[in-house]
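Written out below as structure tokens is the structure these notes cover.
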Amino acid sequence: MTLPHYVRLVEVGPRDGLQNEKQPISVGDKVRLVDDLTDAGLGYIEVGSFVSAKWVPQMAGSEEVFAQIQQRAGVTYAALTPNLRGFESALAAGVKEVAVFAAASESFSRKNINCSIKDSLERFEPVMQAAEQQGIRVRGYVSCVLGCPYEGEIAPEQVAWVSKALLDMGCYEISLGDTIGKGTAGATRHLLDTVARQVPRHKLAGHFHDTYGQGLSNIYASLLEGISVFDSSVAGLGGCPYAKGATGNIATEDVVYLLNGLGIETGIDLHKLAAAGQRICNLLGKTNGSRAASALLAAAD
Ligand SMILES: CC(C)(COP(=O)([O-])OP(=O)([O-])OC[C@H]1O[C@@H](n2cnc3c(N)ncnc32)[C@H](O)[C@@H]1OP(=O)([O-])[O-])[C@@H](O)C(=O)NCCC(=O)NCCSC(=O)C[C@@](C)(O)CC(=O)[O-]
């Protein structure tokens with residue numbers, strides 16, 4: 001398998017990265033992060049989510065964040081919407097692309113969005129219809145594709161089934177989430193091989209959390225399987241409120257460093273990205289989760 005010439009990165013730091021933070025983060029600080037990421041050359045930024053503030057308090061204020069960010073032409077600024085109410089709020093905030101999120105695990109689905117997988121797909125139907133009417137593209141997420149914090153192993157066939165359901169519903173791309181970061185390169189290849197029988201590879205994206213330190217190798221395994229879209233989080237921020245112990249996504253800086261080494265184009269300025277990641281880490285009082293950024297910043301001192 002030849003590697004792709006271009007990889008599209010979906011920056012999920014402002015959403016997946018910040019949603020799990022315990023301390024309050026001001027709208028201004030979220031806006032600054034998104035603007036820094038735009039300036040670093042990210043072409044797709046998941047800015048926030050329109051979910052219940054009781055469930056995920058940190059995402060309250062997404063409307064204000066959308067109102068205040070400096071949107072650059074050609075960059076996609078997206079939001080998560082779990083139901084029609086969320087979609088309508090996103091629309092009112094001027095959001096041009098949304099994502100719905102399902103799970104391959106029944107238990108995780110109930111913990112995360114308080115309903116079964118089947119009910120979640122039914123909830124997404126009106127979102128899909130409204131989005132089509134408004135000309136808004138919808139991305140689909142599937143969580144727990146390489147393991148569930150409540151059920152353990154998840155059959156790849158189950159992931160394929162949920163992914164196909166989202167595709168058939170109208171999602172233009174399906175992001176496969178290793179929510180607990182337990183997957184290995186071997187498991188990733190096996191998963192992709194199974195899912196690709198139901199969903200074409202060019203419609204799949206990889207969303208790897210780095211809990212077990214396997215994120216980069218899972219991305220490389222996915223590249224070998226013909227996947228060219230990856231979600232990542234600046235400075236490796238994040239976790240999942242419904243997956244105990246899960247760390248952030250693989251750090252965007254580390255992915256860019258990997259891709260640069262493979263001669264794969266991303267259009268991202270690694271130095272600006274590293275500075276953006278360090279700025280938000282300083283603000284949160286966190287250690288930078290990107291090895292590449294930490295090394296670059298230390299070398300520049
Ligand atoms: C889906 C619901 C709302 C169902 O929540 P529910 O309690 O089943 O639904 P409900 O309709 O009974 O609503 C409960 C309350 O929420 C309100 N509500 C209802 N909808 C909305 C909305 N859109 N925006 C704001 N408020 C809303 C509604 O008005 C009501 O308010 P109350 O009457 O109690 O004051 C809830 O479970 C929820 O918000 N869950 C959030 C889950 C979440 O954001 N999880 C993290 C993102 S997913 C993720 O991180 C995984 C991913 C994508 O990164 C991939 C991976 O790594 O695996």
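Whatever order the structure lists them in is the order used to number ligands and atoms, beginning at 1. Every value quoted in this text rests on a predicted model; they were computed, and no experiment measured them.
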Within 4.0 Å of some non-hydrogen atom of Arg123, the atoms of ligand 1 are 1 (C), 4 (C), 8 (O)
Glu151 and Ser107: side-chain donor and acceptor closer than 3.5 Å? yes
Close-contact set for ligand 1 against Leu80 heavy atoms, below 4.0 Å: 47 (C)
Got a sec, which residues hit salt bridge (Lys or Arg N to Asp or Glu O under 4.0 Å) with Asp36, two or more places apart in sequence or on another chain? Arg32, Arg279
Counting only heavy atoms, which portion of Met59 has something under 4.0 Å from ligand 1: side chain, backbone, both, or neither? neither
Strictly by modelled atom types, are Asp29 and Ser26 linked by a side-chain donor-acceptor pair under 3.5 Å? yes
Tyr141: partners by ring-ring contact (aromatic ring centres under 6.0 Å, His included), with sequence neighbours left out: His207
So, Glu106 versus Tyr150: side-chain donor-acceptor pair below 3.5 Å or not? no
Which bit of Val51 gets closer than 4.0 Å to ligand 1, counting heavy atoms only: side chain, backbone, both or neither? both
Check: His209 N/O within less than 3.5 Å of ligand 1 N/O: yes
Considering distance alone, does some N or O of Thr179 sit under 3.5 Å from an N or O of ligand 1? yes
Taking atom types as modelled, find out whether Thr252 and Glu11 have a side-chain donor-acceptor pair closer than 3.5 angstrom. yes
What verdict does the side-chain contact (heavy atoms from CB on, under 4.5 Å) test give for Leu42 and Val75, after you've listed the backbone C-alpha separation in whole Å, the side-chain angles of each residue and the deciding distance to 0.1 Å? CA-CA 7 Å; Leu42 269 305; Val75 177; 6.0 Å; no
Looking at ligand 1, does any of its N/O atoms fall within less than 3.5 Å of an N/O of Phe50? yes
Among Ser52, Gly181, Ser233, Gly140, closest by heavy atom to atom 16 (O) of ligand 1 is Ser52
Applying a heavy-atom cut-off of 4.0 Å, say which part of Arg15 lies close to ligand 1: side chain, backbone, both or neither. side chain
Region of Asn112 engaging ligand 1 - heavy atom pairs below 4.0 Å: both
Output yes when the distance from some N or O of ligand 1 to some N or O of Val142 is under 3.5 Å, and no in every other case. no
With a cut-off of 4.0 Å, which atoms of ligand 1 are near a heavy atom of Lys54? 32 (P), 34 (O), 35 (O)
Rounding to 0.5 Å, atoms CG (Asp210) and CG (Asn249) come to a distance of 9.0 Å
Ligand-side contact atoms (ligand 1) for residue partner Asn114, heavy atom cut-off under 4.0 Å: 6 (P), 7 (O), 8 (O)
Counting only heavy atoms closer than 4.0 Å, does ligand 1 sit against the backbone of Ser143, its side chain, both, or neither? both
Could you list the atoms of ligand 1 found under 4.0 angstrom from a heavy atom of Gly86? 23 (N)
For Gln70 and Asp35, test the side chains for any donor-to-acceptor distance below 3.5 angstrom and give the result as yes or no. no
Polar atom proximity, Tyr141 to ligand 1 (N or O, under 3.5 Å): no
Could you please spell out the steps behind the side-chain contact (heavy atoms from CB on, under 4.5 Å) verdict for Val229 and Val7? CA-CA 6 Å; Val229 183; Val7 160; over 6 Å; no
Below 4.0 angstrom, N of the basic side chain to O of the carboxylate: do Asp39 and Lys272 qualify? yes
Proximal ligand 1 atoms for Asp16, defined as those under 4.0 Å from one of its heavy atoms: 50 (O), 54 (O)
